[in-house]
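Below is one structure, written out as structure tokens; comments come after it.
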Amino acid sequence: MDEQRLRAVLTSVLDRVPPVRYRLVGTAAALAQGVPMPAADVDILVATRADADSVAATLDAGSPAWLPESRQYFLRVVVDGTPVEVSTVEWPADGDTAECAGPGPWQHFVPVAVGRHVVPTVRLELRLVTELVRDRPDRYRALLAHMRAHGADRHLLERAMSGRGVDAPLREHVREQLPAGGDLR
């Protein structure tokens with residue numbers, strides 16, 4: 001999916017669902033912020049199970065399911081040919097630096113204009129750390145290149161890498177990829 005397709009799918013969903021507390025996360029969050037990377041689906045984190053139920057009812061998508069192994073209340077629906085996954089993530093989090101758990105996505109996000117909507121989208125720093133932890137170099141390289149060109153919150157990035165246990169050599173690699181100095185944003 002490219003950025004244009006993502007924007008069309010988001011518009012289709014947001015035009016139909018009632019107001020819920022949500023964040024765009026996953027690779028779609030990076031794509032929405034202009035990072036060229038493959039995205040196969042649209043991941044939407046919602047704050048509560050009631051929010052997921054509301055989205056499911058509006059999209060005639062059946063009921064979300066509780067996935068105990070991942071501690072998610074989860075719904076997958078296909079919108080205009082694109083999978084859209086809506087879920088809670090109910091893992092406890094120590095701190096605010098996880099992309100989808102705890103207060104991180106609710107505190108660290110940017111507004112992205114999508115048609116007539118403003119989509120609260122998780123910050124790239126948290127997305128980058130998810131890709132570092134998952135050891136997906138094709139994705140973290142794209143994120144680093146974008147951040148090198150457009151800026152980053154280095155303090156948030158450092159806290160997230162430390163908090164999520166990114167190993168020292170990889171943290172150093174990230175530091176080398178970004179210009180020296182303070183915040184770039």
Side-chain angles (χ1 to χ4, degrees), residues 1 3 5-33 35 37 39-134 139 143 153 156-157 159-161 163-165:
M1 159 176 45
E3 188 176 351
R5 179 83 182 128
L6 169 63
R7 289 176 178 279
V9 170
L10 279 172
T11 297
S12 180
V13 169
L14 295 172
D15 281 350
R16 294 163 31 193
V17 300
V20 297
R21 189 168 180 226
Y22 75 98
R23 296 293 182 262
L24 181 63
V25 296
T27 53
L31 189 59
Q33 293 178 70
V35 180
M37 80 171 26
D41 59 14
V42 177
D43 294 314
I44 298 173
L45 175 69
V46 292
T48 67
R49 292 181 186 190
D51 291 334
D53 289 336
S54 182
V55 171
T58 304
L59 297 178
D60 290 326
S63 296
W66 173 245
L67 305 177
E69 62 282 351
S70 60
R71 297 188 68 168
Q72 290 180 278
Y73 192 61
F74 179 86
L75 165 74
R76 174 179 280 169
V77 60
V78 176
V79 176
D80 301 332
T82 299
V84 176
E85 297 180 348
V86 178
S87 71
T88 62
V89 174
E90 299 178 26
W91 286 100
D94 295 331
D96 64 343
T97 58
E99 178 185 9
C100 293
W106 309 107
Q107 292 176 0
H108 306 295
F109 65 95
V110 297
V112 174
V114 176
R116 64 183 186 88
H117 303 281
V118 176
V119 177
T121 305
V122 72
R123 289 197 56 123
L124 292 178
E125 292 82 358
L126 300 186
R127 176 95 280 269
L128 171 61
V129 173
T130 296
E131 298 299 6
L132 293 169
V133 168
R134 289 181 175 170
R139 295 181 185 202
L143 285 156
D153 180 336
L156 176 59
L157 181 55
R159 286 192 316 109
M161 287 192 298
R164 297 287 310 280

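Values below: all heavy atoms of this structure, side chains included; hydrogens, waters and symmetry mates excluded.
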**Prompt:** So which pairs with a foot in residues 53-64 pass side chain to side chain donor-acceptor pair (under 3.5 Å), sequence neighbours left out?
**Reply:**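 Those involving residues 53-64 are Asp53-Tyr73.
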
Side chain to side chain donor-acceptor pair (under 3.5 Å) partners for [X], two or more places apart:
| X | answer |
| --- | --- |
| Thr11 | none |
| Ser87 | Gln72 |
| Arg49 | Glu90 |
| Arg127 | Glu99, Glu131 |

**Request:** Please list, chain by chain and in numerical order, all residues satisfying salt bridge (Lys or Arg N to Asp or Glu O under 4.0 Å) with Arg116, sequence neighbours excluded.
**Result:**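 Arg116: salt bridge (Lys or Arg N to Asp or Glu O under 4.0 Å) contacts with Asp15.
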
**Partners passing salt bridge (Lys or Arg N to Asp or Glu O under 4.0 Å) against Arg139 (at least two apart in sequence or in another chain)** =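 Salt bridge (Lys or Arg N to Asp or Glu O under 4.0 Å) list for Arg139, sorted by chain: empty.
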
What are the two closest heavy atoms between [X] and [Y], and how far apart are they?
| X | Y | result |
| --- | --- | --- |
| Leu24 | Ala32 | CD2-CB, 3.8 Å |
| Ser12 | Val79 | OG-CG1, 3.6 Å |
| Ala52 | Leu75 | O-CD2, 4.4 Å |
| Ala40 | Pro83 | O-CD, 3.6 Å |
| Glu125 | Asp153 | OE2-N, 2.6 Å |
| Ala28 | Asp41 | CB-O, 3.8 Å |

**Item:** Evaluation steps, side-chain contact (heavy atoms from CB on, under 4.5 Å), between Thr48 and Asp51
**Value:** CA-CA 5 Å; Thr48 67; Asp51 291 334; 3.2 Å; yes

Rounded to the nearest 0.5 Å, what separation is found between the [atom1] atom of [X] and the [atom2] atom of [Y]?
| X | Y | atom1 | atom2 | value |
| --- | --- | --- | --- | --- |
| Glu3 | Met1 | CD | CE | 11.0 Å |
| Thr88 | Leu67 | OG1 | CG | 8.5 Å |
| Leu126 | Leu156 | CG | CG | 5.0 Å |

**Asked** So which pairs with a foot in residues 64-74 pass salt bridge (charged side-chain N to carboxylate O under 4.0 Å, His left out), sequence neighbours left out?
**Response**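 Passing the test, one end in residues 64-74: no pairs.
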
For [X], all residues meeting side-chain contact (heavy atoms from CB on, under 4.5 Å), sequence neighbours excluded:
| X | answer |
| --- | --- |
| Ala101 | Val89, Trp91, Ala93, Ala98 |
| Asp96 | Pro103, Gln107, His108, Arg159 |
| Tyr22 | Leu14, Val20, Ile44, Val46, Val119, Pro120 |

State, with a plain yes or no, whether a side-chain heavy atom of [X] is found less than 4.5 Å away from one of [Y].
| X | Y | result |
| --- | --- | --- |
| His117 | Leu10 | no |
| Val25 | Phe109 | no |
| Val112 | Gln33 | yes |

**Request:** Start with the C-alpha gap between Arg164 and Leu132, add the side-chain angles, then the distance that decides, and say whether side-chain contact (heavy atoms from CB on, under 4.5 Å) holds.
**Result:** CA-CA 9 Å; Arg164 297 287 310 280; Leu132 293 169; over 6 Å; no

**Request:** Report the C-alpha distance between Leu128 and Met161 in whole Å, list the side-chain angles of each, state the deciding distance to 0.1 Å, and finish with yes or no for side-chain contact (heavy atoms from CB on, under 4.5 Å).
**Result:** CA-CA 9 Å; Leu128 171 61; Met161 287 192 298; 5.9 Å; no

**Trace of the side-chain contact (heavy atoms from CB on, under 4.5 Å) decision for Leu157 with Val129** = CA-CA 8 Å; Leu157 181 55; Val129 173; 3.8 Å; yes

